[in-house]
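The block underneath contains the structure these notes are about, expressed in structure tokens.
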Amino acid sequence: MRAQFVLSETWIGLRRNLTMTIAVITTVAISLALFGAGLLVNQQVSEMRNYWDERITLTIYMCNDISPTQTCQENGPATDEDRQALEGRLEGLSQVEDFRYLTAAEAWQDFQERLGSSNEALAAAAQEGDIPDNYRVQLTNPEFYDTVRAEVEGAPGVDTVSNDQQVLEQFFGLLDGLKWAALVVAGFQLAAAALLIGNTIRLSAYSRRRETGIMRLVGASNFYIQLPFLLEGAIAGLIGGLIASGFIVATRFTLLGQIEDWFQFDIALSTGALFYVIGVSLILGVLLCTITSFLTLRRYLKI
Amino acid sequence: MIHFDNVTKVYPTQKRPALDGVSIDVDKGEFVFLVGPSGSGKSTFLRLVLKEEKPDKGRVHVAGKDLARLSNWKVPHLRRRIGCVFQDFRLLPNKNVFENVAFALEVIGKPRRFIRKVVPEVVELVGLEGKAGRMPGELSGGEQQRVAIARAFVNRPQILLADEPTGNIDPATSIGIMKVLDRINRTGTTVVMATHDAAIVDSMRKRVIELEEGIVVRDQMRGVYGQAY
């Protein structure tokens, strides 16, 4: 009886303000889609960061016959003593987790494997010996990059020290910017959605003032009087959220899918992360609408 | 049943009090006419009983409860003990007679079976048997007011407040309305009726409380409308 009454009142309210309801659903859907996309990019970036933080290595290239830098030109190719001195130094550094020596042949092999499938022209152009022998140094924490670099740079036989992270950071920066843009626009949209919901509920309360007036007089509880309006807001929010979920799934499989394809690494966003984003967006949508409805009612529905 | 102890009410936008030191006692089962010109404080009295307004001074007790100490969330329970009838009926135009009366029970969560049982009884009590399926628009003013009375009484309140219930109805029909109110009063319900209708007050010979500018100027058992003049 109670449930049936409340639901039918809610349905009447939604139908009576159909145009406003549609406006609310659309705004909520767009804002939540942007919000969800922002969250999704955020998750993706943090997942990618984790991936690289584990794998990022500082690469110390040794001098060889064709090294163009000045130090190598002056001192000639690295000698075995140079290598031993460097290895000793790396072992003494607490920031170094592990390191591995690659001969020029191994380095070339590795290069071929990494690029072979995606960029055959470049892979074919490189010859053994083009890439000097090098040390792959695994750091305990990527933040120690500068410290370790300062330690080994300029050591005898060392050509250059490179860090893949710098390149990646630029890309992450771009994604971060994208994320913040999406979140800021989502914020404005959500504010607009809240105002729209407030107006819709106000209209709804006004068009049902006769019923609510009688309910008040015959002693219906405040909760009972307000519930249909709160449900009206919550349902609009939920529908908006569901539509937004569709957009979020689409974003996952288009935009982020392309990023993943491009990197050719196993950095796919887990299904759990996707559900997390959808869940947060849905809850945000429903809460926003319900709370706004509640606040509006306190002002416009005398009880 | 209703106890006003030196009650003063001033509306924020007005200087003159709507009620000024009013003390009234209405016992259980009484029938009371509240008379006086417009703006004399009759409606304010009724609103204070319903706790739609709070007094600025004095105490209001209704059905044994001190309204000043009644928390807001308990106000609905107070109102379930009070029925209300208005000059303008306040029916829901898209619901028929049965549904209008049933609405009062639905919204306080009464079970459907109970509603099916009591609504026809009350519809009959107010003299609308056979018209339960009619829409308010198909009824005369007097019949619409009977529906409103049925709605006010269906939950068997201890008090029935009527604010000029015959104000929109011709004198002949008014007599019928008064008979219904009298019938309800005989079931033990306290009835307080604010009215301008001298003929009705004179014919009923009930207690009359006259207000003027917020002050009780007459409180008379078995009174008439204009005796003071």
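Just so you know, these numbers come straight off a predicted model, no measurement behind them. Labels below follow one simple rule: chain letters A, B, ... track the order of the sequence lines, proteins then strands, and each chain is numbered from 1. Basis for what follows: all heavy atoms, side chains included, without hydrogens, waters or symmetry-related copies.
- When the shell of 6.0 Å around CZ of A:R210 is examined, it contains 12 or fewer heavy atoms from other residues, nucleotides or ligands.
- Contacts of B:L78 with chain A are absent, with no heavy-atom separation under 4.5 Å from either backbone or side chain.
- Across B:H77, B:R80, B:R90, the residue that shares the most heavy-atom pairs under 4.5 angstrom with chain A is B:R80.
- Residues of residues 45-57 of chain B that come closer than 4.5 Å to chain A, counting heavy atoms only, are B:R47, B:L50, B:E52, ordered by residue number.
- Taking 4.5 Å as the limit, some side-chain heavy atom of A:I214 sits within range of a side-chain heavy atom of B:R151.
- B:I82 touches chain A through its backbone: at least one of N, CA, C or O sits under 4.5 Å from a heavy atom, while the side chain does not.
- Within 6.0 Å of the CZ atom in B:F86, the count of heavy atoms belonging to other residues, nucleotides or ligands exceeds 12.
- B:K95 NZ: more than 12 foreign heavy atoms inside a 6.0 Å radius.
- The side-chain heavy atoms of A:V218 and B:R79, taken from C-beta on, include no pair separated by under 4.5 Å.
- The neighbour count for B:Y11 OH, taken as heavy atoms of other residues, nucleotides or ligands under 6.0 Å away, is above 12.
- For B:R16, the CZ atom is densely surrounded, since the number of other residues' heavy atoms within 6.0 Å is greater than 12.
- Between A:A220 and B:V107, the shortest heavy-atom distance links the atoms CB-O, 3.3 Å.
- Annotation: the span from B:N94 atom CG to A:E211 atom CD amounts to 6.0 Å, rounded to 0.5 Å.
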